[in-house]
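Here the structure comes first, spelled out in structure tokens, and everything after it is commentary.
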Amino acid sequence: MKRFLLALGAGLLLSTSAAWAQGTVTVVTSFSKDMTDPIKAAFEAANPGYVLDVQNRNTNAGVTYIEETRANNQVDLFWASAPDAFVTLKNLNLLSQFQPSAEGLPDTIGSYSVNDPDGYFFGFAASGYGMMWNDRYLAANGIDAPSEWDDLIDAQYHDHVIIAAPSRSGTTHLTIETILQGEGWDGGWALLKRIGGNFQQVSDRSFGVPDAVNSGQSGIGIVIDFFGFSAMASGFPVSFEYPSVTTVVPANVAIVAQAPNHDGAATFIDFLLSEDGQLVLFHPAIQRLPINPAVYDRAPEGLPNPFVDEKFQSMITFDGGLSSARSAVVDALFDQTITFQLDNLRAAVAAIHSAEAALDGTNNAEAQALVDEAIALVVASPITDREAISPEIVHAFEGGDQASARQSQLEQAWASFAQSNYAAARDKAQSALALLN
Amino acid sequence: MTELSLAPAKTRRRVSGLVLLMLAIAAFLLLFLLIPAGTVIYVAFTEKGTGALTLVNFLDFFENDLFKRAFVNSVYVSAMSVVWASIFALPLAVITTRFEFRGAVLIQTLGFLPLIMPPFVGAVAMMLLFGRNGSVNLLLDQYLGFKLPFMEGLNGVIFVQSLHYFPFILVNVSNSLRQIDVSMEEAAQNLGSSGFRLFRKIVFPLAMPGYLAGAALVFVKVFDDLATPLLLNVTDMLAPQAYLRVTSIGLSDPMGYVIATILIAVSVFAMWASVALMRGKDYATAQRGGGGLAKRKLKPREAVLAYGVVILVLFLVLSPHIGLLLLSFATIWSFSPLPDGYTLAHYGRVIGESSIYIKNTLIYASAAGLIDVVVGGGIAYLVLRTKLFGRQWLDWAATAALAVPGVVLGIGYLRTFYGVTLPDGTPLATLPIMVILALAIRRLPYALRAIFAAMQQISVSLEEAAENLGANKARTVRRIVIPLMLGGLLAGFVTSFATAAVELSATLMLIQSNSDAPIAYGLYMFMQSPAGRGPGAALGVIAVLLVAVCTFASHIIIERSQKSLGLKK
């Protein structure tokens with residue numbers, strides 16, 4: 001037995017050292033195997049002698065991993081969707097500068113700048129946000145397909161919508177921030193909470209949303225576009241639509257500081273941005289929008305071209321600085337007033353839906369006033385947009401001497417604000433309904 | 001008594017050997033559990049931003065409605081899961097061990113399967129069957145016009161958890177029942193006891209150590225489990241709250257670690273309570289052999305009833321696996337009772353890649369299982385057979401591993417061992433041996449409880465007898481203790497092996513490259529995209545089969561060893 005264990009240990013040691021062969025490029029990525037496998041195959045075929053070693057971690061875990069292992073870094077590339085994560089890594093001095101060789105790439109896509117101005121990370125594909133739905137589910141429940149965010153506040157969508165928590169999903173965070181910037185702070189939260197009242201669930205994983213829609217457990221999901229496109233390409237009975245308030249942001253790749261194989265990392269980025277690399281993005285299981293306009297003449301049917309499609313030209317200007325400054329506060333607000341108060345919010349919004357249905361066609365000013373008050377209570381936000389970026393609150397989240405309270409105290413205050421508002425809103429809507437019956 | 005019968009010199013030598021054993025185990029736990037977890041949990045006691053030591057974070061915990069609600073929910077769900085898990089497990093355990101029942105070994109193996117449901121795919125399969133628009137509800141809605149909320153809210157968590165963890169009770173109670181000496185039962189029968197009274201007065205009390213060990217494990221495991229509530233999108237429980245805070249707000253947020261600390265405290269308390277309940281009661285029986293209780297023949301009517309119960313329970317607890325199997329052959333399965341079509345393509349896609357995953361899984365899980373049996377056996381022996389100072393602490397420390405979230409342990413390993421490098425510059429934390437150690441630590445409590453229960457049933461008088469006949473301690477352990485508790489050791493190994501084989505959370509942080517990855521990691525990679533769902537399910541089926549075959553083999557070994565002991569009588 002002892003000999004067996006010794007042999008086992010020796011074998012394990014050997015197997016690791018063999019993995020670091022010449023030409024191995026190690027990449028930490030949040031992308032799924034379905035996406036990385038075709039790109040890995042194409043890269044290795046185009047660059048003989050290189051081996052792409054893919055380590056799959058979700059975005060947050062990837063950032064944590066690179067941060068925790070910085071003393072003895074073994075990773076060459078970081079490759080993920082959310083631009084925020086790259087800004088974080090850059091600010092921690094964990095990325096290295098680089099000048100890609102590919103030419104003819106745009107500076108901006110929609111209104112978002114494709115590359116980091118200092119040359120630390122590079123967009124390689126574009127993604128927009130929207131809604132995907134299960135056609136069978138909608139037909140079975142007699143629901144119309146939505147086309148704008150506003151549609152989702154309608155009573156027919158109650159208990160049929162699913163979203164990922166923005167604190168858990170970098171892409172959902174950008175969706176929420178896009179709505180807040182497009183509709184304004186108060187208007188944005190009002191919209192989000194009224195949609196929130198129609199949520200069936202709030203998932204803790206980005207992929208939990210398309211998965212629930214694909215399997216028909218949920219009707220409509222708020223997702224990033226490629227989840228919809230790749231599900232359609234895989235044959236699921238689903239559809240995807242961009243609403244008019246949306247934005248496209250690039251998915252990125254960057255070389256990690258002190259990369260053991262810097263040359264290999266550079267070769268990979270150059271390949272990814274070349275026409276050959278960009279064409280792989282059209283693979284049925286990937287379905288991302290390439291950053292290189294030259295390849296769109298070979299795009300599969302159904303995939304939009306963000307450089308000519310009108311919808312993309314009218315997209316809002318996304319302020320990345322503002323998003324980054326208040327990101328922790330926005331996430332906590334969403335969690336405390338929507339995710340963790342979901343039952344109360346749903347009950348309040350359901351009561352408002354019934355009162356509004358009863359109100360329809362009648363002319364009862366008293367009941368109407370009660371319903372309006374109930375809606376005002378639901379949509380109220382515990383803090384203003386100015387407070388959200390004030391040092392008193394930001395320091396409570398990030399640590400700092402100007403904090404007015406600890407994060408947990410703020411969260412408790414916001415949660416009880418939401419809880420009592422939702423309870424009061426439900427009471428008002430129910431009294432309105434009582435007046436009408 | 002034991003001490004009196006030994007010469008003083010002998011006592012000293014034995015004690016120093018035991019002290020060495022204890023020190024070795026303590027060092028192992030300190031190095032691979034307490035220090036790595038401590039480097040992370042330390043944050044719970046610091047002020048955010050300044051890093052100053054403080055207890056204010058715990059005050060915040062008890063002033064926060066969400067955390068209080070989460071605490072109450074976690075206790076409620078864990079307690080209800082124990083109740084339902086007992087309802088599933090006890091009939092299976094009693095029927096297969098007390099009666100002559102064809103396929104008892106098969107049922108023991110199948111009953112073990114829920115424990116080895118790989119992450120992600122199991123929940124997806126459950127949703128497809130029992131979800132709001134799963135097969136069962138779509139059929140109910142179509143023919144009867146109503147739906148049942150199996151998977152909604154806290155009740156959904158209780159439903160899934162009791163199906164998932166009931167094998168802990170099944171394995172431990174079955175093992176206890178097998179260990180009960182037939183003479184106990186015969187004595188009771190001679191005194192006129194029979195039927196339910198016999199069961200209540202003799203069989204159930206004697207099976208109590210196993211039941212309590214299993215029930216405590218279920219409670220603690222449900223209390224600390226985060227995967228199931230998260231996959232059902234139930235976030236107002238403690239373990240998901242800890243995980244969400246650590247992974248979304250970041251490593252510097254103290255509240256996640258405050259919750260982790262409270263999880264550890266409650267787990268250790270539950271384990272202590274299960275031991276305290278047994279205190280002052282001696283369930284060891286001196287006579288061994290005879291292969292456990294006499295197996296009765298079933299009367300025809302009883303047989304029908306027994307088979308009915310067994311088939312019903314098995315169908316329910318195996319439903320995730322049935323769903324998984326369907327999913328692995330399905331083309332598209334969306335909003336319909338059954339898939340649209342069937343294909344073998346998913347297996348084709350994973351078959352080439354899976355061999356490396358299978359090899360890694362077998363190496364990691366069996367090495368972790370071996371470590372657990374050795375360390376767990378050592379701890380059980382020290383706690384139950386010696387009076388060494390601080391031996392109980394080993395038990396508490398090992399049990400606390402249950403409550404250390406995998407992510408915390410993974411990060412702790414990176415922090416503790418990444419700075420330590422081999423001569424060629426490879427960080428220690430990146431070696432596969434670290435994955436094995438993390439798995440061993442995470443699964444040690446399972447193995448420990450099984451071994452503990454087995455040891456509690458062995459009367460110390462057997463060892464005393466051996467020593468009186470001149471055997472030294474090592475020889476007694478080798479010739480008496482180990483053979484008698486072989487079943488318990490194997491049960492410990494199997495539990496630890498099977499659950500380690502599908503573990504993900506700690507490995508996700510520590511795996512360095514695809515060539516070192518176990519099956520659970522490959523699964524995780526597949527299950528992130530629509531086209532990967534089928535291949536992921538296929539890999540899941542392969543994982544389940546792999547572990548099931550190993551489990552089946554060890555059950556046969558247990559049966560054989562029981563029989564051979566019986567023959568020697």
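The chains referred to below are lettered A, B, ... by the order of the sequence lines, with proteins before strands, and numbering in each begins at 1. What you see below is based on every heavy atom in this structure, not just the backbone, and it leaves out hydrogens, waters and symmetry mates.
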- Which residues, numbered in order, of residues 223-233 of chain A come under 4.5 angstrom of chain B by heavy-atom distance? A/Phe227, A/Ser230, A/Ala231
Would you give the length of the straight line joining atom [atom1] of [X] to atom [atom2] of [Y], rounded to the nearest 0.5 angstrom?
X: B/Asp65; Y: A/Ser416; atom1: CG; atom2: OG; answer: 6.5 Å
X: A/Asp37; Y: B/Phe526; atom1: CG; atom2: CZ; answer: 6.5 Å
X: A/Ser215; Y: B/Arg533; atom1: OG; atom2: CZ; answer: 5.5 Å

Checking [X] against chain A: side chain, backbone, both or neither under 4.5 Å from a heavy atom?
X: B/Asp141; answer: neither
X: B/Asp236; answer: neither
X: B/Leu232; answer: backbone
X: B/Glu47; answer: neither
X: B/Met255; answer: side chain

- Query: If you count heavy-atom pairs under 4.5 Å between each of A/Ala415, A/Gly208, A/Ser234 and chain B, which one has the most?
  - Reply: A/Ser234
- Message: Just so I understand: if I count every heavy-atom pair under 4.5 Å between each of A/Gln217, A/Gln201, A/Met35 and chain B, which residue has the most?
- Response: A/Gln217
Would you mind checking which part of [X] comes under 4.5 Å of any heavy atom in chain B, side chain (CB onward), backbone (N, CA, C, O), both or neither?
X: A/Arg406; value: side chain
X: A/Ala396; value: backbone
X: A/Asn134; value: side chain
X: A/Asp159; value: both
X: A/Asp343; value: neither

- Are A/Ser408 and B/Asn57 close enough that some pair of their side-chain heavy atoms sits under 4.5 Å apart?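 No; the side chains remain at least 4.5 Å from each other.
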Please identify, among [options], the residue contributing the most non-hydrogen atom pairs under 4.5 Å to chain A.
options: B/Asp340, B/Asn233, B/Thr331, B/Asn64; value: B/Asn233
options: B/Asn137, B/Val56, B/Leu128; value: B/Val56
options: B/Thr235, B/Leu138, B/Leu66, B/Asn360; value: B/Leu66
options: B/Arg349, B/Met151, B/Glu152; value: B/Arg349
options: B/Trp333, B/Phe61, B/Tyr521; value: B/Tyr521

- Task: Could you give me the CA-CA distance, side-chain angles and deciding distance for B/Ser334 and A/Asn214, then say whether side chain to side chain contact (heavy atoms under 4.5 Å, CB included) is met?
- Result: CA-CA 6 Å; B/Ser334 172; A/Asn214 287 340; 5.7 Å; no
- Provide the closest heavy-atom pair for A/Gly216 versus B/Phe335 in the form atom of the first, atom of the second, distance. O-CD1, 3.4 Å
- Task: Mark yes when over 12 heavy atoms from residues, nucleotides or ligands other than A/Gln258 sit less than 6.0 Å from its CD; otherwise mark no.
- Result: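 Counting other residues, nucleotides and ligands, CD of A/Gln258 stays at 12 neighbours or fewer.
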- Task: Let me see the working for A/Phe340 and B/Gln241 under side chain to side chain contact (heavy atoms under 4.5 Å, CB included), right down to the final yes or no.
- Result: CA-CA 10 Å; A/Phe340 301 143; B/Gln241 279 294 327; 3.3 Å; yes
